[in-house]
Amino acid sequence: MSHLQDRLQRLRSTSPVQSTEKKNRDLSLPSNSRLVETNEGSFVLRQCKYSLDHLHGHYALGQLCEVYDLLSRISKRFQTLKSVESYRDLLFFDTETTGLGVGAGNVPFMIGYGYYTDTEFITEQLFIRNPGEERAMLHYFYEFIQGFTHLVTYNGRTFDWPIVKNRYVLNRILFSDADLEQLDLLYISRNLWKNSIISCRLSNVEEQRLGIRRHNDVSGAYAPSIYFQYLADGDGSPLEGVFLHNELDVLTLATLAIHLGSILAGQLDLTKLNTDDVFRIGNWLDQANLPELAEAAFRELLKRPAQSKRKYLLSIATVFKKNRQFEQAVLLWREAAEFGRTGQALHALHTLQPLIELAMYYEHQCKQYNQALDLVDEALNRAERRQSIRRPSDKDRLLLEQLMKRRARLMTKAYRGLSEDVDLLSF
DNA sequence: CGATCTATGTCTGTTAGCGT
DNA sequence: ACGCTAACAGACATAGATCG
């Protein structure tokens with residue numbers, strides 16, 4: 001007997017009219033919830049209130065008040081973004097849907113969100129007991145979001161929000177989100193942690209980086225089947241787990257915002273983080289146009305043991321170079337070049353690049369062509385030594401060619417400088 | 001499953017500095 | 001004034017990851 005036949009059998013056992021009434025009556029409403037009745041129909045609203053010192057993982061919810069104003073910088077194009085005027089303008093938003101697609105067939109049966117008042121963090125969940133309640137929920141939600149300027153999500157930019165927007169179109173409800181900014185925390189999370197944790201799913205980020213442990217959590221992946229089961233048999237008890245899961249997701253969203261905000265505010269103790277995280281944070285702070293904090297992060301990284309900081313030296317030097325902090329960059333290039341002298345030449349690029357960078361610095365910044373020449377010669381020596389033990393690749397050949405060219409140019413520049421000196425002497 | 005963003009690598013265009 | 005070159009910035013294509 002197939003699963004489908006089972007379900008059909010169950011559906012046949014009660015008439016449609018009966019089953020709808022039974023369903024709505026039998027979902028003994030979940031804890032903290034009530035029925036909202038509107039002109040457009042009814043739906044379930046579940047609300048939970050948290051005091052601002054409620055701890056979720058490493059943070060108290062109220063800590064957002066200290067860092068919210070920096071949050072617009074999580075986006076690459078923060079310069080063109082509306083800034084966050086108040087933590088009360090943020091709506092933390094997460095849905096549970098009937099699937100993963102963004103097409104018309106995917107229905108958000110639960111819209112969860114959280115927001116701050118002066119004294120509390122409040123989560124609310126809008127839940128429809130059947131498709132007929134969707135219009136009422138959508139109208140209610142649209143009214144509600146008018147009070148907010150920013151939407152905070154995790155992949156909501158490509159998942160939750162387009163799905164919700166689609167529902168307004170399909171229900172022919174006028175809708176505009178033109179004034180609503182989106183702060184999607186997925187991309188910056190991936191940027192910071194994709195190398196240091198196994199996955200950047202929200203559940204893993206909260207566990208690995210926010211100190212949040214869930215007990216008996218219902219994975220979001222089960223939400224569609226639990227909802228379908230509820231639609232079929234009217235038993236609402238398994239939905240409790242979905243409500244809780246969604247509520248915790250919203251809390252985590254706020255906590256993640258606090259964590260990211262703390263980094264942008266320079267409040268996070270970087271000495272306790274692993275080297276890769278510190279490097280990523282430094283880069284992010286640089287892009288977020290917070291150069292002092294970026295430098296602080298890089299300085300912390302440079303205190304780490306040689307082996308652990310080694311692979312970041314060139315990248316950090318590149319940032320200093322871009323910001324025209326040449327003295328700092330030179331120190332790192334020298335350090336990186338030293339690694340190349342002692343260790344075996346494993347990666348041609350990494351042992352030669354610091355020498356090339358230094359040569360560029362002496363040629364273009366200092367005009368000390370002889371210094372630059374010495375560095376190019378050293379690079380050439382290393383490249384040739386390398387060629388003798390290893391068949392050169394196309395890249396190796398290109399690199400060698402460029403080095404020769406650089407050497408030739410520096411020779412003429414050095415020679416010209418020399419002859420000018422002679423000219424000066426002769427007069 | 002779909003849509004979207006990002007990292008990465010390659011290329012193409014622009015700019016600054018230099019010499020003729 | 002003009003052209004050349006190195007270095008950098010921006011464009012483009014591609015592959016991977018995340019959402020329930």
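Throughout, protein chains are lettered first and strands after them, A, B, ... in sequence-line order, and every chain is numbered starting at 1. Since the model is a prediction, treat every value here as computed from it, not as a measurement.
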Exercise. Remember a base hit wins even if backbone is also touched, and classify A:Tyr227 as base, sugar-phosphate or nothing at under 4.0 Å, heavy atoms.
Key: nothing
Quiz prompt | Side-chain H-bond candidate by donor/acceptor type, A:Asn155 with A:Asp184, under 3.5 Å | solution = no
Quiz item: Which part of the nucleic acid does A:Leu202 contact within heavy-atom distance under 4.0 Å: base, sugar-phosphate only, or nothing?
Solution: sugar-phosphate
Quiz item: Where do A:Arg324 and A:Glu327 come nearest, in terms of heavy atoms and distance?
Solution: O-OE2, 4.5 Å
Quiz item: Between A:Lys322 (NZ) and C:dC8 (C1'), how many Å, whole number?
Solution: 13 Å
Quiz item: Given atom CG of A:Leu403 and atom C1' of C:dA6, what is their separation to the nearest angstrom?
Solution: 14 Å
Self-check item: Residue A:Ala223, side-chain heavy atoms: nucleotide from C:dA6, C:dG20, B:dC5 that is nearest
Solution: C:dG20
Quiz item: Which part of the nucleic acid, if any, lies within contact of A:Leu100, taking any heavy atom under 4.0 Å across all strands shown: a base, the sugar-phosphate backbone alone, or nothing?
Solution: base
Quiz item: Which of these nucleotides, C:dA6, C:dA7, B:dT8, is closest to any side-chain atom of A:Lys194?
Solution: B:dT8
Quiz item: If every non-hydrogen atom of A:Arg304 is compared with every non-hydrogen atom of A:Asn274, which pair is closest and at what distance?
Solution: NH1-C, 3.7 Å
Quiz prompt | Whole-Å gap separating P (B:dT8) and CG (A:Asn283) | solution = 10 Å
Quiz item: Looking at C:dC8, C:dT18, B:dA3, which one has an atom nearest to any side-chain atom of A:Val102?
Solution: B:dA3
Quiz item: Between A:His364 and C:dA7, does any side-chain N or O lie under 4.0 Å from OP1 or OP2?
Solution: yes
Practice problem: May I have the distance from A:Trp193 (atom CH2) to B:dA7 (atom C1'), rounded to whole angstrom? | Solution: 18 Å
Exercise. State whether A:Lys413 and A:Glu363 are salt-bridged, where the test is any N-O pair (Lys NZ or Arg NE/NH1/NH2 against Asp/Glu carboxylate O) under 4.0 Å.
Key: yes
Quiz prompt | Contact under 4.0 Å: A:Asn191 side-chain N or O vs B:dA7 OP1/OP2 | solution = yes
Exercise. Could you check how far CG of A:Leu410 sits from P of B:dG19, rounded to whole Å?
Key: 13 Å
Quiz item: Can you find a side chain N or O atom of A:Lys321 that sits less than 4.0 Å from OP1 or OP2 on C:dA7?
Solution: no
Exercise. Name the closest nucleotide to the A:Phe159 side chain, picking from B:dC5, C:dT18, C:dG20.
Key: C:dG20
Quiz item: Does a side-chain heavy-atom distance below 4.5 Å link A:Trp161 with A:Lys165?
Solution: yes
Self-check item: A:Lys413 vs B:dG19: side-chain N/O to OP1/OP2 distance below 4.0 Å
Solution: no
Quiz item: How is A:Thr95 classified with respect to the nucleic acid when contacts are heavy atoms under 4.0 Å: base, sugar-phosphate, or nothing?
Solution: sugar-phosphate
Practice problem: Determine which nucleotide pairs with B:dC1, using a 3.5 Å limit on both distances of a Watson-Crick or G-U wobble pair. | Solution: none
Quiz item: Distance check: side-chain N/O of A:Lys76 vs OP1/OP2 of B:dA7, anything under 4.0 Å?
Solution: yes
Quiz item: A:Leu61 and A:Tyr116: which non-hydrogen atoms are nearest, and at how many Å?
Solution: O-OH, 2.7 Å
Quiz item: Over how many whole Å does the gap from A:Arg201 atom CZ to C:dA17 atom P extend?
Solution: 13 Å
Quiz item: Would one find a side-chain N or O of A:Arg409 under 4.0 angstrom from OP1 or OP2 of C:dT5?
Solution: no
Quiz item: Among the nucleotides C:dT18, B:dC5, B:dG2, which one has an atom lying closest to any side-chain atom of A:Cys200?
Solution: C:dT18
Exercise. Searching all strands shown, indicate the nucleotide that pairs with C:dG20 (Watson-Crick or G-U wobble; both distances under 3.5 Å).
Key: none
Quiz item: Taking atom P of C:dA17 as reference, at what distance in whole Å does atom CG of A:Leu192 sit?
Solution: 18 Å
Practice problem: Would you mind telling me which of B:dA3, B:dC5, C:dG20 lies closest to the side-chain atoms of A:Asp249? | Solution: C:dG20
Practice problem: Nearest whole angstrom, please: distance from the P of C:dG20 to the CZ of A:Arg167. | Solution: 17 Å
Quiz item: Considering heavy-atom distances to DNA chain B, does A:Arg77 or A:Gly103 have its closest nucleotide positioned more toward the 5' end?
Solution: A:Gly103
Exercise. Scan A:Asp94 against the nucleic acid and name what it touches under 4.0 Å (heavy atoms): base, sugar-phosphate only, or nothing.
Key: sugar-phosphate
Quiz item: Does the side chain of A:Arg406 get closer than 4.0 angstrom to OP1 or OP2 of C:dA6 through an N or O atom?
Solution: no
Exercise. Check the pair A:Leu248 / A:Arg214 against side chain to side chain contact (heavy atoms under 4.5 Å, CB included), numbers first and verdict last.
Key: CA-CA 9 Å; A:Leu248 290 173; A:Arg214 294 195 193 190; 3.6 Å; yes
